[in-house]
Colleague: 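Quick one: the structure is below, questions incoming.
In what follows, chains carry the letters A, B, and so on, assigned in the order in which the sequence lines appear, proteins first and then strands, with residues in each chain numbered from 1.
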Amino acid sequence: MQNKRFSPFVSSKNSIGKVMLDVIIALLPLCAFAFYTYRIWFLIVLGSALGGAILTEILFSGILLKKWRGILDGSAIITVLLLVFTISPLTPWYVAAFGGSCAVLFGKILWGGVGKNKFNPALVGREFMTVFFPLVMSSGDIWSTKRIRYVYEVEWFDFIPNAHWAEFLNELFFVPTGALGEYSAVFLLLGGIYLIFRRRISWHIPAFLLVSFLSFLWIFEDQNLNYSLGGILLGGIFMATDMPSSPSSPTGKSYYGLMIGLVAGLCIQFGAGFEYMSYSILILNGFSTKINQVFMPRTWGTKTDWPKKIEEVFLLTLSVLTVTFAVLSLHYYGYIPYLIYIYIIYIIFKFNFSFSKKLHQPI
Amino acid sequence: MMQIPSLKYKTKKQPIAELKDASVYRIPLQSYRSTLQPLVKIGDQILQYQVLAEDVEHQFAAKIHSPVSGKVIAIDEHYISLENDFQQQKITTKIIESQQLDLERFVQVLKDFGIAGIGGAEFPTNIKYKVKESNVKSLLINGIECEPYLTSDYAVMRHETEKLLKTIAVLNQIFQPEEIVIGIEKQHKELKKHFEKSFKNHPNLAVRIHLLPNEYPQGGELQFIKSVTHKEIPKGSIPANFGYLVSNVGTILAIYEALFNGIPTTERVITISGNAVNTIGNYRVKIGTPIRHILKELNIDAEGVDIVLGGPMMGKEVVDLDSPIKKGSGGLLLFKKQQKSIENCIECGYCVDVCPQHLMPMQFVKGHQEDQNLLSQFNLDHCIECGACEYICPSNLPLMQSIVLGKVELQKMMYAK
C-alpha cells in the first residue's frame, strides 16, 4: 500500500544545493583575491586540499557507505574553500591535502553526513593539520610569503587627494598578509551581506560577534594584541554561521555570536596565538545544542519564566568559560594534540556504534 | 510567518457557479473531533434539510442535515449514503424573527442548523458563541484566506456582501460588541471599497475593514486575533473567553442561510483549482457531494494527479474518489505529482523562522524518530499544523508526518502517566 501523504502539497523551491551555491558565490570574490595575490601558489594549495577532500568523499561516502548522491551537494567544496582560506599560501601540498581529507572525514562523514556535524568541518580540518604537522604549521616561515607574492599593494584609490584616506581605502580593499581568505575586508563583508540578503545566514551571529570582540579589545586596551580584521570577518561571517554547528533561534544565535567574540578575545589575551578564531568557534560549536535548548523561542501565548531562564543562561556561560580556560591551559602546556586524539577515538567509536546506524535518517 | 505565491488570480475573478446535483450523496459523520450518531435507518425516506446525524453523547460536533430529499441507502462508520430523488421535498421550518433573537435562542439556532466553522476545523459555532453578552469586546470576521489557490472566501465576500452585512447586523444586535472588524488580505484590497459601498445600506452598523499582510498563516485564528487586536491568545483556549468572537466569512454566510432562509448548513462555496486542471473556478456545492461527481460534471481527468481536499498547505489527500465535500472543505485542488527526495537536515533554521507558534519544528522530526522526550520539551502540543515548516524546508524533511504522528505519541505518553 502506498504511504499516506501528509500536507503541505506545495513547497518552496529551496534545496540544499541552492543554499550551498549561494555560499560558494559569496566566497568566489575571495578566491579571486587569493589568486590575484599568489596565483599558482593558491592554486596548488586549493587543488591539493580539494583533491584530498574529493578522494575522501569518493572512498568513504561513496565506496564504503554507498551514499553517492551527497558527494556533489557542494558541501565539500565549501569546507575546502573555508579551510584553504585559513591557511598560508606556503602550506605544502601534502599538508593541504591531508587537511582537506580530514575536514571531510572527521568533520562530516563520521558524524553521519552533511548537516549532522556538531563542529565546523573546516576548522576541524585545520586543527588536524596543526596537530599532525606541528613543525610546518606553527613555524614562522610559513607566514613569510613576501617572496612569492605577485602583488604587494594596490593603488585603486590613489586618485583621492587625501593620501591618508586613499591608503585607508586601499587597505580596506586589499591587504596581502595573513591567510588566503583574509585579503579583502570589503569583499568579506560584501559576501556576508549577500548571504544575509539571500537569507542563508542571519545577521545575528556576525553582528554580535563583532560587537563583543571589538568591545573586548576596547576594554582591555592592549597594543600587543595580535589579530587580523580579515580573520575576524572570515570567522564571524563564514565559519561561525555554518548551519549545522550553530544554533537555530535568533536569541540563541545572538548569544552564540556574543560568546564567540568574548572567547576569541580571551584566547588572544591568554596567548592562543593564531588559533584564537578556531578555538572560540569550535568551543561554542560544542555548546550549540545546549544553546538551542536554553534559547528556545518563547512559544506563542506562553510566558517566559525569567528567573529560571537567567539561571540557565548564567550556568551556560559559566560552563563556556570553564571550557575556554581548560582549552587555554591545554594549549599553554602543549596538550592540544591529546584533545584531538580523544576526538578521533570518540568520533570513530560513535560512528561505529551509533551514527552508522542512522545514516538513512535525515536528522 | 512567510510569503507564499498565492496563485489566487486563477480563480479570483470567477463568479460563484452552480453545480448539477448528484444522484448519490455521502454525508460525512466525522466532524471536529467527534463522530456523529445517525438518526436515520437504511431505507428511510428523508426530506431535504432533515437532521441526519447528531453528536448525541458529547454535543461536541455540529449536527448534519440532508442536502436533498430521497432515501437512505447505506450507513457505515464514516458516511450515510443517500439516494437523491430529485423531488426537493423540504422539511418545514419556522421562520425565525431575527429582530427578537436573544443570545440563548440564537445559540440554539446555531445548534439546530448545524453551523460549524467553515474555515476548516468545523468547530461547532454554538459552542464558540456561548458567551456572556456583555463580555464581547470585538466581533472579528475572518476574511483572510491565507491558503494559496483558495478563493472561496473571496467569492463569498465579493458576491454575498449584503448577506454578510445583514448577518453581522444581527450579531451586532445580540452581542453589542465594542467593535466589528472584517480582516482582509492586502492582495484583495479592492474588497475594501466594495464593502464600503455596501455599508451605505447599513448606516447603523460600524464596521472597520482591516487590511493585513499577505502572509501565511495570517488567517489562523490565533494569528488573526493577534494581528487585529495585538492580543496573543494561547492555543487551545476559546477566544470568547478573552472577549473575541471570531468567525470565518463562510460561517457568517451559513448563519445567514439559517436565520433568513431557515436552511441548515447543507452547502458551501469551494474553489476548484491547481496546476493539473484547466476547468477552475468557485462553485456552490452541497455538503456530501462525492468528489467523483464533481470531477465528472467538470470533465476533469484525475488520472495520475494528486487530489487534495482543502488548501494545499493544510488539506488532506483524497484517496477515495467517493469521499465527499465536508463543511470545512474550502477547495478541491488537483496537482501534478511531484517527487520529493528527502535530504539530511542541515539545521538551517528556516522552519524556526517561519513557525507562527514560535516552535522549533526540526526537533519534532528528531523527537518522532528517536527521542520522544523532545516532543514535549519543544512544545509539540502548541503546533497548529499549518505546514509552513515543511513548505520552507530545503531538505524536504517529513515535518508534518512527524508532527501528526508525534502528537499521537504524545497522547499515548499522557495516558501512560
Side-chain angles (χ1 to χ4, degrees), chain A residues 1-20 67 69-70 73 75 108 111-118 199-202 241-250 252-253 288-289 292-293 295-303 354 358-363, chain B residues 4-5 148-149 222 226 232-235 237 306 308 310-317 319 333 335 338 340-353 355-360 362-363 365-366 369-370 377-379 382 385 387-388 390-398 400-401 404:
Chain A
M1 196 191 114
Q2 203 194 342
N3 280 341
K4 182 178 185 275
R5 284 228 17 221
F6 289 84
S7 59
F9 298 89
V10 285
S11 62
S12 61
K13 297 203 163 51
N14 262 330
S15 71
I16 292 190
K18 282 187 185 166
V19 175
M20 300 293 177
K67 291 197 90 176
R69 207 176 40 173
D73 64 11
S75 68
K108 186 181 79 173
W111 284 97
V114 65
K116 295 182 179 177
N117 50 300
K118 293 262 179 281
R199 298 201 181 193
R200 302 312 186 196
I201 65 173
S202 77
T241 52
D242 171 52
M243 287 170 167
S245 55
S246 63
S248 310
S249 71
K253 283 175 182 165
S288 189
T289 309
N292 266 342
Q293 284 168 13
F295 288 91
M296 192 174 113
R298 181 190 60 85
T299 301
W300 178 282
T302 61
K303 290 212 165 60
S354 166
K358 298 180 194 163
L359 285 175
H360 62 283
Q361 293 181 4
I363 191 166
Chain B
I4 301 182
Y149 289 101
L222 305 175
K226 166 120 189 217
E232 196 174 293
I233 294 178
K235 182 179 174 258
S237 46
D306 280 330
V308 177
M313 295 297 289
M314 294 182 73
K316 299 262 180 304
E317 183 193 18
V319 187
L333 305 175
F335 293 110
Q338 57 169 4
K340 287 204 282 186
S341 62
I342 298 174
E343 311 282 344
N344 282 355
C345 169
I346 52 169
E347 301 202 24
C348 57
Y350 290 165
C351 53
V352 183
D353 293 340
C355 179
Q357 294 292 96
H358 313 323
L359 305 172
M360 301 181 91
M362 78 280 227
Q363 300 289 351
V365 180
K366 212 182 279 178
Q369 219 166 247
E370 51 191 56
Q377 189 191 337
F378 285 93
N379 291 340
H382 284 261
E385 295 175 33
E390 188 163 330
Y391 175 86
I392 202 81
C393 181
S395 301
N396 298 318
L397 288 196
M400 283 306 290
Q401 181 183 346
V404 173

Colleague: For Y149(B), check ring-ring contact (aromatic ring centres under 6.0 Å, His included) against everything at least two apart and list the hits.
Modeller: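 With neighbours one apart ignored, the set is F335(B).
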
Colleague: May I ask you to test the E347(B)-S288(A) pair for a side-chain heavy-atom distance under 4.5 Å?
Modeller: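 SC-SC contact between E347(B) and S288(A) ruled out.
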
Colleague: Roughly how far, to the nearest 0.5 Å, is the OG atom of S15(A) from the CD atom of E343(B)?
Modeller: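 Spacing of CD (E343(B)) from OG (S15(A)) equals 8.0 Å.
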
Colleague: Can you tell me which portion of V308(B) sits under 4.5 Å from chain A's heavy atoms? Options are side chain, backbone, both or neither.
Modeller: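 Only the side chain of V308(B) comes within 4.5 Å of chain A.
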
Colleague: Non-hydrogen atoms of chain A under 4.5 Å away: do they reach the side chain of L397(B), the backbone, both or neither?
Modeller: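 The answer is the side chain of L397(B).
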
Colleague: Considering only heavy atoms, which portion of K13(A) lies under 4.5 Å from any heavy atom of chain B: side chain, backbone, both, or neither?
Modeller: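 Neither part, no heavy atoms under 4.5 Å.
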
Colleague: Below 4.5 Å from any heavy atom of chain B, which atoms of N292(A) appear? Answer side chain, backbone, both or neither.
Modeller: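 Interface part for N292(A): both.
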
Colleague: With side-chain contact (heavy atoms from CB on, under 4.5 Å) as the criterion, how do K316(B) and F9(A) come out once you've worked through the C-alpha distance, each side chain's angles and the decisive distance to 0.1 Å?
Modeller: CA-CA 9 Å; K316(B) 299 262 180 304; F9(A) 298 89; 6.0 Å; no

Colleague: Can you give me the closest heavy-atom contact between M243(A) and I346(B), atom names plus distance?
Modeller: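 Minimum heavy-atom separation between M243(A) and I346(B): CB-O, 3.1 Å.
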
Colleague: Quick one: closest heavy-atom pair of V19(A) and P394(B), and the distance?
Modeller: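 Result for this residue pair: CG2-CB, 4.5 Å.
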
Colleague: Kindly write out the residues that satisfy ring-ring contact (aromatic ring centres under 6.0 Å, His included) with F6(A), not counting sequence neighbours, or none if the list is empty.
Modeller: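 Here no residue qualifies.
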
Colleague: Heavy-atom pairs under 4.5 Å with chain A are the metric here; pick the option from P5(B), P356(B), C393(B) that has the most.
Modeller: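 Most heavy-atom pairs within the cutoff with chain A belong to P356(B).
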
Colleague: Can you tell which of S11(A), G115(A), S248(A) has the highest number of heavy-atom pairs within less than 4.5 Å of chain B?
Modeller: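 Most heavy-atom pairs within the cutoff with chain B belong to S11(A).
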
Colleague: Among I392(B), D353(B), V352(B), which has the most heavy-atom pairs under 4.5 Å with chain A?
Modeller: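 Looking at each of I392(B), D353(B), V352(B) in turn, I392(B) comes out on top.
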
Colleague: Output yes when a side-chain donor or acceptor of E232(B) lies under 3.5 Å from a complementary backbone atom of G301(A), and no otherwise.
Modeller: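 Present.
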
Colleague: Considering non-hydrogen atoms only, spot the tightest contact between P8(A) and E390(B) and give its length.
Modeller: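 Closest approach of P8(A) to E390(B): CD-CB, 3.6 Å.
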
Colleague: State, to 0.1 Å, how close Y350(B) and R199(A) come at their nearest heavy-atom pair, and which atoms those are.
Modeller: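 Taking Y350(B) first and R199(A) second, the nearest heavy atoms are OH-O, 2.8 Å.
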
Colleague: Which region of L222(B), side chain (C-beta onward) or backbone (N, CA, C, O), has a non-hydrogen atom less than 4.5 Å from a non-hydrogen atom of chain A, or is it both or neither?
Modeller: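 For L222(B), the contact with chain A is made by backbone and side chain together.
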
Colleague: Among C355(B), C351(B), C348(B), which has the most heavy-atom pairs under 4.5 Å with chain A?
Modeller: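 The residue among C355(B), C351(B), C348(B) with the greatest pair count is C348(B).
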
Colleague: What are the two closest non-hydrogen atoms of Y391(B) and S12(A), and how far apart are they?
Modeller: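 What the structure gives for the nearest pair is O-OG, 2.7 Å.
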
Colleague: Pick whichever of G349(B), P312(B), G387(B) has the most heavy-atom pairs under 4.5 Å with chain A.
Modeller: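 Looking at each of G349(B), P312(B), G387(B) in turn, P312(B) comes out on top.
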
Colleague: Sub-3.5 Å donor-acceptor pair from the side chain of Q361(A) to the main-chain atoms of Q369(B), do we have one?
Modeller: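 No, the answer is negative, given that no donor and acceptor are paired below the 3.5 Å cut-off.
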
Colleague: Measuring from atom OG1 of T299(A) to atom NE2 of H382(B), what distance do you get when rounded to the nearest 0.5 angstrom?
Modeller: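 If I round to the nearest 0.5 Å, the distance is 6.0 Å.
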
Colleague: Which atom pair, heavy atoms only, marks the closest approach of I363(A) to V365(B)?
Modeller: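 For I363(A) versus V365(B), the nearest heavy atoms are CG2-CG1, 3.6 Å.
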
Colleague: Which distance, rounded to the nearest 0.5 Å, do you find between the CD of Q377(B) and the CE of M296(A)?
Modeller: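 So the CD of Q377(B) and the CE of M296(A) are separated by 7.5 Å.
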
Colleague: If you count heavy-atom pairs under 4.5 Å with chain A, which of M360(B), K366(B), K340(B) comes out on top?
Modeller: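 Between M360(B), K366(B), K340(B), the count favours M360(B).
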
